[in-house]
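The structure under discussion appears below in the form of structure tokens.
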Amino acid sequence: MEPRGRYAPSPTGNMTVANAYTALRAWLDVKSRGGEFVLRIDDTDPERNVVTVDSIVSDLTSLGITWDEGPDVGGPYAPYVVSRRLERHVEAARSLEASGRAYWDYTPPLEDASAHKKTKGADRGRTGAYRGNPEPVSGVEPVLRLRVPDARVEVHDRVFGEISQAADDIGEVALLRSDGTPTYHLASCVDDIDMRITSVVRGADWLNSLPQHWLILEALGADPMPEFAHLPLLVGKDGQKLSKREGGLAIRHLVAEEGVPPLALDAYLANLGFPERPDLLSLTELASDFDIAAHNRNSPRFDPKKLRSFTRRWLAEKEAEDSFVAEIRDRAPAVGEDTVRLLLPGVRPRVGTYQEAADLYAFLLASDEAGRDVTPISDEVAARIIGTEPWSAAQLEAAVDSAVPTDAEQRKAMMKAFRDALAPGFRVTPPIHYLLLGLGRERSRIRLGVRTEAAG
RNA sequence: GCCCCCAUCGUCUAGCGGCCUAGGACGCCAGCCUUUCAAGCUGGUAGCACGGGUUCGAAUCCCGUUGGGGGCGCCA
């Protein structure tokens, strides 16, 4: 049977590289096995929903991740937005209660749950897993909880292997809140069954909930039970779970603002947890032999430097000329398309993002003025360069080459002078002949301080 | 505090009892090349957390310690 996998983000913030890391693996896992991929929005906590379905869809799309069913494209198990499936969840909850697999807990709610969560150490004042109070208490609206059978739960995880937990250590997770709405735990399990999900790939921050979810799935009669793969958490520089608040790691920031090529980001993220390949791989190539069971179990760190080496190579070797040109034009609209295309070979090997590429064209936008220090360049040499025929990359390269001295020191000094005069203030630029080519004969003449025949 | 997970160069990783004097990639350093800056090429730097076992033999297996991460009453 072909697997059906899903990615079920909660719209609690912009997608970060950590989300992309998870989504990509979930996608690669089903695609490598010829299965179907479902996008489902897990908006079970209305108070924390801050981003739209559209924003999730566009972030995922920008990364080249596609889905067969989802909130935007529909499908046989619609709707794919959890909050719109409430009736099903409540119905499932009732059946669990009826079969005795769940019960009402009358423990009053914690005054300050968020403060409680932050409490560490002995101050926590509790040991062992949560157990509720089934005796009705007047004035308390109960919450429906999973009843934990008195048996050790053992589940196979495709990445982490056998996961087992004693019954005493498994908390009685909430299924319905006191206001009657379903929690993520219930909703997620019900939806996975309803949508015929056979493969769940998610972050290891869910690993502790696995026994509980397994119990819920069993109690709900899931057949077959889905297989699980938990991913070691992608962590930040500090070694801790990446927070959605870290704006710099938001996909849209990286892609839209910094100009990181999304497919290169995919190649980098997909590589984490696996040995590095000699070639930069596309999504299809990555999917061809993806094996989640071979995934490393320790948490990889997001390393911007390593990312840049992927994006740099991507732009130098794999980016198609037309799309590269389009990206640069978006970021440097004042530069003509022909010019962008003409200088691209000189730009390609020097940049790690589309933005860096666009920035390499900025020298064209400065105003032309003579009077720079062009001391090492004699009037005669400058005039000879300006007189180059035809004004082509190859011809200009040859002209510059024959004009500069052979002595290493002098050559260095003269090249630097050319660069300073043609692209004042720019540290990294395309090669000199590309600067000349981009500026054109007349503007180059002015920048090099060569007087015209008439003026002289 | 309790539970779960993890542990090889700074980072990503190879290694599944002898092939390891621990290999590769990124970073960093140096040299070469070169039409500046980049890129490229060559070389270098740096690691099996610690302690016990098991074994003829351990980075590899077991136990412990330490360290790190994650989770723990109606967030996801």
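Letters go in sequence order (proteins before strands), and every chain restarts at 1.
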message = Is it the case that the base of C26(B) and the side chain of R308(A) share a donor-acceptor contact (distance under 3.5 Å, atom types as modelled)?
response = no

Show which side-chain atoms of residues 204-212 of chain A pair as donor or acceptor with protein atoms under 3.5 Å away, not counting sequence neighbours.
residue, atom, partner, partner atom, Å
D205(A), OD2, K241(A), NZ, 3.2
Q212(A), NE2, G171(A), O, 3.0

ask   = Are there more than 12 heavy atoms of other residues, nucleotides or ligands under 6.0 Å from atom CD of E317(A)?
value = yes

query = Salt-bridged, E285(A) to K318(A), with N to O below 4.0 Å?
reply = yes

ask   = Less than 6.0 Å separating the ring centroids of F274(A) and F290(A)?
value = yes

query = Looking at R177(A), does any N or O in its side chain come under 4.0 Å of the phosphate oxygens OP1/OP2 on G73(B)?
reply = no

request  = Test for a donor-acceptor pair under 3.5 Å between the base of C5(B) and the side chain of R297(A), counting only N and O atoms.
outcome  = no

query = How close or far is atom C1' of C12(B) from atom CZ of R301(A), stated in whole angstroms?
reply = 11 Å

ask   = Taking only side-chain nitrogens and oxygens of T183(A), does any of them come within less than 4.0 Å of OP1 or OP2 of C74(B)?
value = no

Any N49(A) side-chain N or O less than 4.0 Å from OP1/OP2 of C75(B) = no

message = Between P349(A) and H295(A), which residue's closest nucleotide on RNA chain B lies nearer the 5′ terminus?
response = H295(A)

task = Tell me whether the OP1 or OP2 atom of C37(B) has a side-chain N or O from K412(A) closer than 4.0 Å.
result = yes

inquiry  = Regarding C74(B), can its base be found pairing with the side chain of S178(A) as donor and acceptor, where the two atoms are less than 3.5 Å apart?
reply    = yes

key: Nucleotide G71(B), atom C1' - distance to CZ of F160(A) in whole Å   = 13 Å

remark   = In whole angstroms, the gap separating P of U36(B) from NZ of K416(A) amounts to 12 Å

request  = Ignoring hydrogens and angles, answer whether the base of G71(B) and the side-chain atoms of D205(A) contain a donor-acceptor pair closer than 3.5 Å.
outcome  = no

